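Here is the structure we will look at, set down as C-alpha cells.
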Amino acid sequence: MVKVITATPFGFAFELENDDCFFTGEYEIHLNGTFYKATDKNAVAIYGLKPNTSYDVQLKGKDISFTVKTETPNYVINVRDYNALGDGVTDDTSAINAAVYTAVAGSVVYIPKGEYLVDQIFLKSDVDIYLERGAVIKQNTERKKLAILKGYQRDYSHESPQKALINASWEGHPLDCYCALIYGNNINNVRVYGEGTIDGNGDAGDFWINPKVKNRAYRPKNILLVNCGNITVSGITSRNSASWNIHPLYCTNISFSCMKIESGEDSPNTDGINPESSSDVSIVGCRFNVGDDCVAIKAGKYYMSTARLRPSEDITIRNCFMEKGHGGVVIGSEMSCGVYRVSVSRCVFRDTDRGLRIKTRRGRGKHAIVDGIAFDNIIMQGVRHGFVVNMYYFCDPDGKSDYVRDKNPREKDELTPTVKNITVTNVRADRIRGSAVFIYGLPESCVTGVRLTDNVFTFAPDNERVLECPAMMDDFTVTEKLDFYIKNCDDVFIKNNEGIVSSL
C-alpha cells in the first residue's frame with residue numbers, strides 16, 4: 001500500500017503503491033494527529049521534522065496509516081557557525097566546504113534558510129547535506145572563480161587509458177569542464193535532501209549564450225557524481241542549471257526521489273537527470289520541466305568503450321511527471337558501452353517532443369547494445385511523437401557523412417550498434433501531434449524483439465498535426481499523418497492496440 005523511500009533525521013519520503021500514474025485522488029496527510037498538507041501525488045517528501053522522533057502518518061482519503069521514526073545524527077553542523085552568511089552577495093564557498101570537510105561520519109551539514117552564493121561544494125563520504133525550506137545554493141557566474149575539472153588524469157607511467165582517473169565527461173568523452181555546483185568523486189553513503197533549492201543561475205551571466213562554442217561548451221552542471229555509491233537525493237529542487245542538471249557517472253546504487261527539476265523550455269542542454277555508465281539507479285516521484293531531455297540514459301562514446309567499458313544497467317523510472325522537454329525518457333546517443341534493463345512505469349508525459357527516444361548511429365561500436373527497455377502503464381498527453389527509435393541519428397562532426405546516412409546495407413563490424421527487446425504495454429497516448437510509433441533500424445543491424453500490446457493511441461485534430469520526420473536523420477521522405485512506421489525491424493509483435501494505422 002505504501003513504501004517509505006528514504007528516512008533521514010529531518011524527514012522522509014514515501015510512495016503509494018497503486019496503478020495511478022504520478023497523480024492520484026486528493027488526500028490529506030496528518031502527522032501525529034495534526035494536519036500537515038493535502039496532496040494528489042503518489043510520491044511525497046516530508047521534511048522539516050525533528051530528529052529521533054516517531055511520526056504516526058495518516059493518509060486520510062486513502063485509508064492508509066504507517067509509522068516512521070526519523071534518524072538520530074551524530075552531529076548537526078550549521079553552516080552559519082562557519083561564517084556562511086546566506087545573503088546572496090557574500091561568497092559562502094569556503095564556509096560551506098569547511099563545514100562539510102570538518103564533519104565526522106554520520107553528521108548532517110545543515111543549511112538554513114537564505115541564499116548562499118558559491119563556486120562549488122565538494123561532497124564527503126558519510127556526511128549528509130540538509131537544505132531547509134527557503135535555502136538556496138546559487139551558482140557564482142564569474143567563470144574565473146570556477147574550478148576546472150580535468151576530464152581524465154593519467155597515472156605516472158602514462159601506459160594505459162584504463163589507468164586514467166576519470167574526473168568528468170562532456171557528451172560521452174572525458175573532457176575538461178567546469179566543476180559542478182555540487183561535486184562528488186569517489187564518495188559513498190551521502191544524502192542530499194530537504195525542501196531547499198540548487199540554482200545553477202544559468203539564466204544569468206553568459207552560460208546559455210553560444211553554448212556549443214569551444215570553451216563555452218564545458219559549462220558547470222548542478223550536480224556531478226563520479227565513481228560514487230549509495231547516494232540519495234530527495235525532495236530538493238534543481239533549477240536553471242548551466243548545462244545538465246544531474247549527472248551520475250560510473251555510479252552504483254543512486255536514488256533520486258520527489259525532486260523538482262526546472263529550467264526554461266528554451267534553455268540549451270539543460271537535461272534533467274542523465275545517468276551515464278551507472279547501475280542500480282532509481283528515479284521516483286520526480287517532476288521535470290526542462291529545455292532538453294528529462295531523463296537521458298547514456299554510456300559514453302566509442303573511445304570509452306575501448307578504454308573503460310561500463311554499461312548503464314538496471315535503471316528504474318517510476319511515478320514521474322515529464323512536462324515539456326525534448327524527450328521524456330531518452331537513451332543515447334552516447335551509448336557505446338551499452339544500456340541494459342530500463343523500466344519505465346506509472347509516468348505522465350505531457351507536451352514532450354517525444355515519449356521514449358532511442359538514438360544511435362553507425363560508429364558507436366559493437367558494445368553499443370540497447371537491450372531490455374520496458375514501458376508499462378504510461379499516460380501521454382499532447383506529445384509530438386510517442387515512441388522513436390532511430391539508428392541514423394546525425395550527431396557529431398561526421399553525422400551527415402555517407403557512412404552515417406547510407407540507407408543501403410553495410411558490413412556489420414566493430415562499429416555497428418544493436419537495439420533489441422523493447423516492450424510497450426498499457427500506454428494511453430492522447431492528442432499525439434505527430435507519430436505514435438517510429439522505428440528505423442539499420443539494414444545490417446535491424447531492431448529486433450519489439451512488443452507493442454494493449455496500447456491506445458489517439459491523434460490531435462488535423463490543424464494541430466505536425467509535418468516532420470519524427471527522428472533526427474537524413475534522407476527521409478515526410479508524409480502527412482505518419483501515424484505508425486517501422487523499417488529494418490525483425491521479430492515484431494503487435495496486438496490489441498487502438499487508433500494506429502500501419503505503414504510498414
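Computed from heavy atoms alone, side chains included, the values below leave out hydrogens, waters and symmetry copies. Owing to the predicted nature of the structure, the values given are computational and were not obtained by experimental measurement.
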Over all atoms of both residues, closest heavy-atom pair of C21 and N319: C-OD1, 4.0 Å
Main-chain N/O of G86 paired with D92 side-chain donor or acceptor, under 3.5 Å: yes
N421 side chain near T423 side chain, heavy-atom distance below 4.5 Å: no
Beyond-backbone contact of L131 with T197, side-chain heavy atoms, under 4.5 angstrom: no
Where D20 and N42 come nearest, the two heavy atoms and their spacing: O-ND2, 3.2 Å
Any V44 side-chain heavy atom under 4.5 Å of I29 side chain: yes
Separation of I148 CD1 from C177 SG (nearest 0.5 Å): 8.0 Å
Qualifying residue, where the test is salt bridge (charged side-chain N to carboxylate O under 4.0 Å, His left out) with E15 and the options are K41, R318, K3: R318
Side chain to side chain donor-acceptor pair (under 3.5 Å) between S234 and Y47, worked out: CA-CA 10 Å; S234 178; Y47 290 106; 2.8 Å; yes
NZ (K37) with more than 12 external heavy atoms under 6.0 Å: yes
N274 side-chain N/O to W244 backbone N/O, donor-acceptor pair under 3.5 Å: no
D63 CG: over 12 foreign heavy atoms closer than 6.0 Å: no
E195 and R133: CA distance, side-chain angles, deciding distance, salt bridge (Lys or Arg N to Asp or Glu O under 4.0 Å) verdict: CA-CA 4 Å; E195 297 173 291; R133 179 183 295 183; 2.8 Å; yes
Any I283 side-chain heavy atom under 4.5 Å of C320 side chain: yes
Heavy-atom donor-acceptor pair, Q120 side chain to A147 backbone, under 3.5 Å: yes
Polar side-chain atom of S241 near backbone of S243 as donor-acceptor pair, under 3.5 Å: yes
Non-hydrogen side-chain atoms of D206 and R143 separated by less than 4.5 Å: yes
Residue pair R80 / P112: nearest heavy atoms and the distance that separates them: CG-CG, 3.7 Å
Steps toward side chain to side chain contact (heavy atoms under 4.5 Å, CB included) verdict (L31, L49): CA-CA 10 Å; L31 303 179; L49 305 183; 3.9 Å; yes
Residue pair T270 / D292, side-chain donor-acceptor N/O under 3.5 Å: no
A168 versus L224, closest heavy-atom pair with distance: CB-CD2, 4.1 Å
Side chain proximity check, T8 to D128, heavy atoms < 4.5 angstrom: no
Ring geometry between F12 and F14 (parallel below 30°, tilted from 30 to 60°, perpendicular above 60°): tilted
Gap between atom CZ of R354 and atom CZ of R384 - 0.5 Å precision: 8.0 Å
Interatomic spacing from CG in N201 to CH2 in W208 - rounded to 0.5 Å: 9.0 Å
From CA spacing to verdict: side chain to side chain donor-acceptor pair (under 3.5 Å), T93, D91: CA-CA 6 Å; T93 303; D91 186 341; 2.6 Å; yes
N455 side-chain N/O to V424 backbone N/O, donor-acceptor pair under 3.5 Å: yes
Side-chain H-bond candidate by donor/acceptor type, N377 with D19, under 3.5 Å: no
SB check R465 D483 (cutoff 4.0 Å): yes
Residue pair L225 / V190, side-chain heavy-atom distance below 4.5 Å: no
Selection residues 98-132 - residue pairs positive for ring pair (Phe, Tyr, Trp, His ring centres under 6.0 Å), sequence neighbours left out: F10-Y130, Y110-Y130, Y130-Y193
Residue F23 excluded, over 12 heavy atoms near CZ under 6.0 Å: yes
Euclidean distance, Y82 OH relative to S94 OG, rounded to 0.5 Å: 13.5 Å
Close aromatic pair by centroid cut-off 6.0 Å: F375 and F387: yes
Name of the residue among F349, F321, F288 meeting ring pair (Phe, Tyr, Trp, His ring centres under 6.0 Å) with F22: F321
Worked verdict on D56 versus T67 for side chain to side chain donor-acceptor pair (under 3.5 Å): CA-CA 5 Å; D56 294 323; T67 299; 2.9 Å; yes
N/O donor-acceptor pair under 3.5 Å between T90 side chain and L85 backbone: no
Check: N240 side chain, D199 main-chain N or O, donor-acceptor pair, under 3.5 Å: no
Under-4.0 Å salt bridge between R341 and E313: yes
side-chain hydrogen bond (donor to acceptor under 3.5 Å, both in side chains) partner of N230, the single match among N189, N188, D280: N189
Sidechain-backbone polar pair: S277 side chain, R310 backbone, donor-acceptor under 3.5 Å: yes
Taking every non-hydrogen atom, the tightest pair across N140 and L146: O-CD2, 3.7 Å
Short side-chain donor-acceptor distance under 3.5 Å, R346 and N18: yes
Heavy-atom pair with the smallest gap, counting every atom of A180 and I223: CB-C, 4.1 Å
Name of the residue among R428, R431, R350 meeting side-chain hydrogen bond (donor to acceptor under 3.5 Å, both in side chains) with Q381: R350
Residue pair N167 / N185, side-chain donor-acceptor N/O under 3.5 Å: yes
S282 side chain vs S255 backbone, donor-acceptor pair below 3.5 Å: no
I121: which of I137, V192, L181 passes side chain to side chain contact (heavy atoms under 4.5 Å, CB included): I137
Sidechain N-carboxylate O distance under 4.0 Å for K359, D293: yes
pair K124-I187: side-chain heavy atoms closer than 4.5 Å: no
Value rounded to 0.5 Å, distance of OG1 in T237 from CG in N222: 11.0 Å
Gap separating the CE atom of M380 from the SG atom of C347, nearest 0.5 angstrom: 9.5 Å
Salt-bridge criterion met for E334 and K298 (N-O under 4.0 Å): yes
Under 3.5 Å donor-acceptor, R357 side chain and A471 backbone: no
Within 6.0 angstrom of K260 NZ, more than 12 heavy atoms from elsewhere: no
Side chain to side chain contact (heavy atoms under 4.5 Å, CB included), paired with P275, selected from I317, V339, V281: V281
